[in-house]
Every structure is written in C-alpha cells, then in structure tokens.
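Note sheet for the following structure.
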2 protein chains.
Amino acid sequence: MVTINDIAKKAKVSKSTVSKVINNYSGVGDDTKEKVLKIMKENNYWPNSVARSLSTKKSYTIGIFGPQILNNFFFREVFEGIEAVMGDKGYDLLYFTNKQWDESWVDYSYKEKCENRNVDGVIMMGYGKVNIAQFDRLLKSDIPSVFIDLDLVGSNTSYVTSDNTGGARKAVEYLAELGHKKIAMIRGLNGFKVSTDRFVGFQQAIKALNLPYNSEWMFDGDYSMETGYQSMKRILNLDEKPTAVFAEDLIAIGAIKAIRQAGLNVPGDYSIIGFDSIEIGRHYHLTTIAQDQIGLGEAASKLLLNIINKKSFSPIILPTRLIIGETCRKV
Amino acid sequence: MVTINDIAKKAKVSKSTVSKVINNYSGVGDDTKEKVLKIMKENNYWPNSVARSLSTKKSYTIGIFGPQILNNFFFREVFEGIEAVMGDKGYDLLYFTNKQWDESWVDYSYKEKCENRNVDGVIMMGYGKVNIAQFDRLLKSDIPSVFIDLDLVGSNTSYVTSDNTGGARKAVEYLAELGHKKIAMIRGLNGFKVSTDRFVGFQQAIKALNLPYNSEWMFDGDYSMETGYQSMKRILNLDEKPTAVFAEDLIAIGAIKAIRQAGLNVPGDYSIIGFDSIEIGRHYHLTTIAQDQIGLGEAASKLLLNIINKKSFSPIILPTRLIIGETCRKV
DNA sequence: CTGTTAGCGCGTTCAA
DNA sequence: TTGAACGCGCTAACAG
C-alpha cells in the first residue's frame with residue numbers, strides 16, 4: 001500500500017505538505033502542488049480512510065442496524081434509497097451483523113458498536129417498541145441517528161415513516177366508496193408503530209364513516225403470509241362475515257390464498273386491500289396503499305446528513321397513495 | 001468515548017497492560033487482570049476497531065461490491081447467507097456504494113477501495129465477463145477476494161457458483177421425460193457466466209437426447225420479466241412452435257404473462273421451467289431448477305475466510321435441484 | 001509480570 | 001510557503 005510518506009519522499013516534500021494538497025488547503029505553492037498531484041496520480045495513491053478517521057473522527061461511513069433488513073422485501077427497497085443518497089455523498093455503508101451481543105466483559109450496545117467503528121451516523125430499521133429500552137444509551141450519546149418507522153427523537157435523533165394512519169383511513173374510505181360496510185382488518189406485529197398507526201387510522205375511518213365495528217373481524221399476528229392465511233380461514237368460518245379485508249400486502253396475499261383454497265374468489269366473494277406495495281403484491285394485482293420505500297431510504301439519508309452536518313432537522317412523514325389493482329370490487 | 005488510556009489510568013496500570021488483557025495475552029498477573037477487567041466493564045469500554053485496524057492491519061470487516069446487489073431478489077438471499085457466516089465470526093460488512101469512481105487524480109479502483117478501508121477481504125457479486133478487466137489490479141494484489149458466479153482465480157482469489165450447466169441439463173431432461181421434444185430457451189444477459197453455462201448445458205442435453213435444435217427457439221435479453229414477455233410473444237407467432245420453454249425465473253414469469261395474455265394457459269398450452277427459485281417464482285407455482293442462494297453466500301464466506309486465514313481453498317460449485325411446481329405437464 | 005517506546009497513516013498546530 | 005513535532009487509540013517489541 002502506498003502511503004502519504006511514500007508520496008512525500010518521491011516528491012521530496014514533507015508529508016504535511018502532501019496532506020495539504022490532499023485536502024486542497026491553501027498555503028501550498030502552485031508548482032509543488034502540481035508536482036505532488038502528479039506523483040499521487042502516478043502511484044495510484046489514495047489516503048487511507050482508517051488512518052484519516054482516527055485523527056479526524058470522521059469516517060464517511062454510515063452504520064446500518066436492523067434485525068430483519070435483508071430478509072425482508074420491504075427493507076430491501078429502503079436500502080436502495082439509502083445507497084443512492086449516501087453513495088452520492090461519498091459515504092459507504094457498514095452493515096452491522098448480528099453477532100453475539102453480550103461479550104465477556106461489557107454490556108455491549110448500539111452506542112458502543114458505533115463508536116467502535118467510528119461511524120458518522122447510523123440508520124436503524126426494523127425495530128419496534130419492544131426494543132426502545134435498548135436505544136437508551138444511543139439516544140443519550142452524540143451519535144447522529146435516524147430511525148425508520150419508530151418515532152424516536154432527541155438532540156441527535158429523528159425518524160422517518162409513512163403516513164400510516166392516513167393510509168389506513170384511505171383504505172377504508174376506498175372500500176366504503178365501493179359500498180363495503182363490513183370490513184375486517186388483519187394486523188401485523190402488535191409492538192410495531194406501523195401496525196398501531198394503521199389500526200388507529202382504520203378505527204378513525206370506521207367511526208367517521210359510521211361503519212360497524214366488530215371485534216370478531218380484528219386479527220393480529222406477524223407480518224407473514226401465514227398470518228393472513230390462518231386469519232382468513234377463521235373469517236370464512238364466522239357467522240357474520242365481512243365483505244372486505246384490509247391487511248398488509250404479505251398478509252393480504254395469505255388471505256387471498258385461503259379464499260381461493262376455499263373455492264371462492266377475489267374480488268368476487270371478498271375484496272382485499274393491502275398496505276405497502278411490495279413487489280410481490282403486484283404479481284397478484286393487489287389493490288393496495290403504497291408507501292414509497294425508496295423514498296423512505298432517501299429521506300432517512302437526507303435527514304441523517306442534516307443531523308451530521310448540524311443543520312436543522314425534524315421527523316419526516318411521507319404520504320401514501322392508493323394503487324387500484326384487481327382485488328376490490330363494488331358491492 | 002472511553003479509551004484504553006482512561007482504563008489504564010483508572011486501573012493505575014500502563015495501557016500496554018490493558019492491551020494485553022484485552023487481547024487475552026499471557027503475562028498478566030491474575031489480580032491485575034481482574035482489576036482491569038472490572039474497570040473495563042464498569043466503563044462500558046470496548047477497544048476502538050479503527051485504531052486497532054490501523055496498527056494490526058486487520059479490521060474484521062468484509063467488503064462487498066456489486067452493482068446490483070440490493071435491487072435484485074437473488075442477491076438479497078445471497079447476502080443473507082453472507083451475513084450469517086460472517087456475523088458469526090465477528091465480521092461486519094462494508095457495502096461499498098457506487099459513487100463516482102474517477103476521482104480527480106487517480107484511477108481509483110476496487111483494490112484501492114479495499115486498501116482504503118482496510119477490509120480483510122472482499123466478496124464480489126453481480127459482475128460479468130465484461131467487467132473482468134477492471135479486476136486486474138485487485139487480482140494481482142494480496143487482498144483476499146471471492147467472486148460469486150464469475151470464475152476468477154488467483155493466489156488470493158477464488159469463486160463460488162452453482163452447477164449451472166448441470167442444472168440446465170436437468171431442466172431439459174425433465175422436459176424430455178414429460179415427452180417434450182421442441183424446447184425453447186430464453187437466456188438472460190449474454191456476458192454473464194451463468195447464462196453461458198446454462199446455454200451450454202441446454203445444448204449438451206439437447207444433443208444427448210437427440211432433440212431438435214432450432215435457432216428460432218433461442219432468445220436472449222436481460223434478466224427481466226420484460227425479456228420473457230417479449231420473447232414469448234415472438235414464440236407465439238412462430239410457424240413451428242416449441243411446446244416448452246426454459247428460462248430463468250423472472251424471465252419465465254414474463255413468458256407466462258404473455259401466454260396468459262394470449263388467452264392460452266400454462267401448462268396446458270406450454271410447459272415452462274425456470275432457473276433460480278427466487279421467492280416470486282413460488283407464487284406462480286413455477287417448476288424450476290433451484291439454486292441454493294443462501295448456500296452460495298455461506299460458501300463464499302467460508303471460502304473467503306479460508307483465504308484470509310491462509311488455509312487451502314479452491315472454487316466451490318454448488319449442486320442444483322429440480323423443484324416440481326405446476327407449470328409443466330406431460331405431452 | 002509490568003511499563004517504556006515506537007509506530008500504524010494521517011491531520012493539525014506552530015515555528016521557521 | 002514549508003516542515004517538524006505531536007496526537008488520534010491501539011498493538012508490539014523490548015527492557016526492566
């Protein structure tokens with residue numbers, strides 16, 4: 001590896017002069033500057049980020065934490081947005097693997113992991129309310145952090161999320177427009193802000209539109225097709241059945257499977273509306289409330305950059321929009 | 001941030017003693033060791049990886065390069081396998097964003113990026129033959145590297161891939177068993193090893209089984225539904241039509257769409273067999289040749305660790321297997 | 001068994 | 001305009 005010393009030697013200047021050239025500081029003669037640049041180029045020299053980070057405390061690295069980032073369709077797209085914005089600004093992404101947390105002698109935590117790697121900031125995704133206590137030290141530290149879909153704020157912390165409440169209202173309103181009155185909802189994990197918000201929006205709309213609310217039509221589970229499948233099977237056995245179901249995309253697809261397996265069809269017998277707009281949903285022509293996943297990643301990145309650069313910042317709520325597919329019908 | 005000096009001061013020992021404790025070296029008295037450990041724990045101390053990396057040249061970081069890693073269903077699962085193995089061994093993953101490559105003064109390349117970040121090794125995925133020239137300096141360097149689906153080898157380089165040739169043969173053999181004789185193939189990108197290998201396997205099987213080969217039944221494009229859709233539309237217009245189509249999953253799905261749009265059905269009118277077994281394919285009950293994506297990631301990781309640890313290593317070819325869905329029928 | 005010293009590659013005073 | 005000296009946090013000889 002060619003270092004700043006090699007360059008200094010070859011250019012017959014001191015390394016601090018080379019450093020000034022690297023950082024484009026003033027106070028270097030034009031001719032020496034040119035000479036140094038030439039040598040750097042000839043030797044394919046690039047200053048070592050690690051050493052640089054050690055002395056400047058700035059690494060041009062953004063940490064990413066998340067227990068389910070990669071095996072999740074949703075976050076895959078969020079990641080795409082992060083990569084675009086951060087890459088553009090010259091940052092690389094450090095994905096923290098979920099290795100053993102409790103090392104021998106220390107209560108090792110997010111904060112320490114970030115300090116350990118000198119990341120300039122961190123994006124947290126895939127966490128729910130149950131995890132909040134774990135973030136205590138991180139939030140109290142001066143490490144810039146942005147949460148996705150978890151409303152945590154602090155002097156160096158903010159969050160981005162979609163307008164889940166409004167989106168859920170939109171779903172119910174659309175079903176109501178089509179003439180549906182009896183609407184079921186299958187929720188994802190309870191401890192997650194997105195689920196709660198959507199449930200709130202659902203109830204708001206039910207009340208505002210004077211639709212019947214029946215606790216038998218409310219289900220929860222996790223964010224999986226299985227949850228949708230099992231819940232729908234129970235719906236199919238109810239005495240008083242709903243005519244429409246609102247659920248997150250993956251869950252909605254599970255519900256569709258249960259309906260078809262029972263010899264019924266969508267939207268003939270049941271109207272189904274999703275939430276998320278993950279790619280798989282499009283293969284089912286799912287009517288859904290779309291979030292802007294890539295936009296979430298981009299917004300989180302820009303927000304984090306603002307925190308890092310000491311600019312003003314506040315939480316960002318992205319709008320949702322209705323995508324009409326083929327799984328809802330007029331009744 | 002609490003440093004080794006803070007600990008040394010509080011424990012009233014020198015920092016080299018602390019260092020020895022950290023690294024669990026021998027030559028430290030039991031009582032001092034215990035005292036130091038206690039202080040470390042009390043202060044939530046964890047040695048800074050960046051500083052450590054600077055002096056040891058070992059960062060416990062694996063670099064990941066790939067132009068299309070995240071916006072690709074296939075590599076998402078490979079990444080999962082990498083995360084599992086590397087996380088288990090205490091490595092974090094540095095995802096290099098694709099920012100501007102040609103900086104002002106240097107022909108900045110993979111090798112320099114790796115040196116720059118002191119990564120212990122690098123996994124390259126999503127590259128084709130067209131990119132090989134770019135890897136020249138990386139291959140000549142002493143940076144351990146493993147390629148996925150690109151057969152590059154060297155003193156510190158190896159690769160993993162699936163048995164694409166054998167898998168393609170398997171696909172043709174299965175179709176032949178079902179009585180198909182006229183088999184079309186729609187290939188993904190030409191410059192990629194996987195496509196070439198599968199084409200070779202396809203031709204081998206055609207020849208071995210004495211099936212007709214018709215250049216009108218051969219198509220190529222990119223790895224997209226659109227390619228499958230357009231190619232299939234052309235197939236539907238041929239005078240002499242095949243009865244079965246072999247194509248990578250996403251392409252196969254596009255072909256299915258074209259068939260259905262023409263008012264025909266699968267497998268009634270055409271049998272379709274895929275390759276990859278991406279999650280979306282399962283929603284179409286696609287018969288396909290499955291690769292083990294997570295296994296690819298795991299194998300790449302283990303291989304890379306072997307190179308890093310100076311153990312013996314050689315390329316790994318993972319087997320494929322036939323998954324029978326509902327898109328092929330006897331004729 | 002413990003501490004002193006030097007050095008990893010770079011940025012940053014502060015003199016010259 | 002330039003360079004010597006020091007420090008970032010840590011490891012690695014080497015003495016004591």
Side-chain angles (χ1 to χ4, degrees), chain A residues 1-37 39-40 43-61 105-106 112-120 142, chain B residues 1-37 39-40 43-61 105-106 112-120 142:
Chain A
M1 187 167 95
V2 35
T3 74
I4 197 173
N5 283 310
D6 301 331
I7 302 298
K9 234 169 259 175
K10 293 190 185 187
K12 297 191 208 312
V13 295
S14 79
K15 64 177 186 177
S16 60
T17 299
V18 177
S19 177
K20 284 165 194 162
V21 173
I22 291 170
N23 295 289
N24 205 25
Y25 287 168
S26 61
V28 182
D30 284 350
D31 43 350
T32 45
K33 180 170 181 175
E34 200 173 330
K35 183 175 59 181
V36 171
L37 281 173
I39 308 268
M40 290 200 290
N43 292 274
N44 260 319
Y45 169 71
W46 194 266
N48 182 279
S49 294
V50 173
R52 208 173 198 175
S53 165
L54 190 61
S55 72
T56 61
K57 300 293 157 208
K58 171 98 184 156
S59 63
Y60 278 93
T61 306
W105 65 75
V106 67
E112 281 72 23
K113 283 227 185 193
C114 288
E115 288 180 344
N116 188 335
R117 293 286 190 180
N118 286 22
V119 300
D120 297 337
D142 52 5
Chain B
M1 187 167 97
V2 35
T3 74
I4 196 173
N5 283 311
D6 301 330
I7 302 298
K9 234 170 259 176
K10 294 190 186 191
K12 298 192 207 313
V13 295
S14 79
K15 64 177 187 177
S16 62
T17 301
V18 177
S19 177
K20 283 166 195 160
V21 174
I22 292 170
N23 294 290
N24 205 24
Y25 288 168
S26 60
V28 183
D30 284 349
D31 43 349
T32 47
K33 181 170 181 176
E34 200 174 331
K35 182 175 62 179
V36 170
L37 281 173
I39 307 267
M40 291 201 290
N43 291 273
N44 260 319
Y45 169 72
W46 195 266
N48 182 280
S49 294
V50 173
R52 208 172 198 176
S53 165
L54 189 61
S55 72
T56 60
K57 300 290 156 213
K58 170 100 183 153
S59 64
Y60 278 95
T61 305
W105 67 73
V106 67
E112 281 73 21
K113 285 227 184 193
C114 289
E115 289 181 342
N116 188 337
R117 294 284 189 180
N118 287 22
V119 299
D120 296 338
D142 52 6

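Letters go in sequence order (proteins before strands), and every chain restarts at 1.
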Report the distance from atom [atom1] of [X] to atom [atom2] of [N], rounded to the nearest whole Å.
{"X": "E115(A)", "N": "dC8(D)", "atom1": "CD", "atom2": "P", "value": "16 Å"}
{"X": "K12(A)", "N": "dT2(D)", "atom1": "NZ", "atom2": "C1'", "value": "17 Å"}
{"X": "K20(B)", "N": "dC1(C)", "atom1": "NZ", "atom2": "C1'", "value": "8 Å"}

pair [X]-[Y]: side-chain heavy atoms closer than 4.5 Å:
{"X": "Y25(B)", "Y": "K33(B)", "result": "no"}
{"X": "V2(A)", "Y": "N44(A)", "result": "no"}
{"X": "V13(B)", "Y": "V21(B)", "result": "no"}

- Please confirm whether the backbone N or O of S49(B) pairs with a side-chain atom of N116(A), one donor and one acceptor, at under 3.5 Å? yes
- Query: Within the side chain of N118(A), is there an N or O that forms a donor-acceptor pair under 3.5 Å with the backbone of K57(A)?
  - Reply: no
Over all strands shown, is [X] touching base, sugar-phosphate only, or nothing at heavy-atom distances under 4.0 angstrom?
{"X": "G27(A)", "value": "base"}
{"X": "S53(A)", "value": "nothing"}
{"X": "V13(A)", "value": "sugar-phosphate"}

- Query: Side chain of K58(A), base of dG11(C): donor and acceptor closer than 3.5 Å?
  - Reply: no
- Message: For K10(A), is the NZ atom crowded, meaning more than 12 foreign heavy atoms sit under 6.0 Å from it?
- Response: no
- Please check if atom NZ in K9(A) has more than 12 non-hydrogen atoms from other residues, nucleotides or ligands closer than 6.0 Å. no
- Report the C-alpha separation of Y45(B) and I39(B) in whole Å, then their side-chain angles, then the decisive distance to 0.1 Å, and conclude whether the side-chain contact (heavy atoms from CB on, under 4.5 Å) test is met. CA-CA 8 Å; Y45(B) 169 72; I39(B) 307 267; over 6 Å; no
- Message: Go through it in stages, so that I can follow the logic: the residues are L37(A) and M40(A), the test is side-chain contact (heavy atoms from CB on, under 4.5 Å), and I'd like the CA-CA distance, side-chain angles, deciding distance and then a yes or no.
- Response: CA-CA 5 Å; L37(A) 281 173; M40(A) 290 200 290; 3.3 Å; yes
Give each protein N/O atom lying under 3.5 Å from an N/O atom of nucleotides 8-10 of chain C, with the pair distance.
unit_1	atom_1	unit_2	atom_2	d
dC8(C)	O3'	K57(B)	NZ	3.4
dC8(C)	O2	S55(B)	N	3.4
dG9(C)	N2	A51(A)	O	3.3
dC10(C)	OP1	Y45(A)	OH	2.8
dC10(C)	OP1	N48(A)	N	2.8
dC10(C)	OP2	I4(A)	N	2.3
dC10(C)	N4	K15(A)	NZ	2.5

- Check whether any side-chain N or O of Y25(B) sits under 4.0 Å from OP1 or OP2 of dT11(D), and answer yes or no. no
- Should S16(A) be listed as having a side-chain N or O under 4.0 Å from OP1 or OP2 of dT13(C)? no
- Overall bend of the helix from dC1(C)-dG16(D) to dA16(C)-dT1(D) (five pairs an end, 10° steps) is 50°
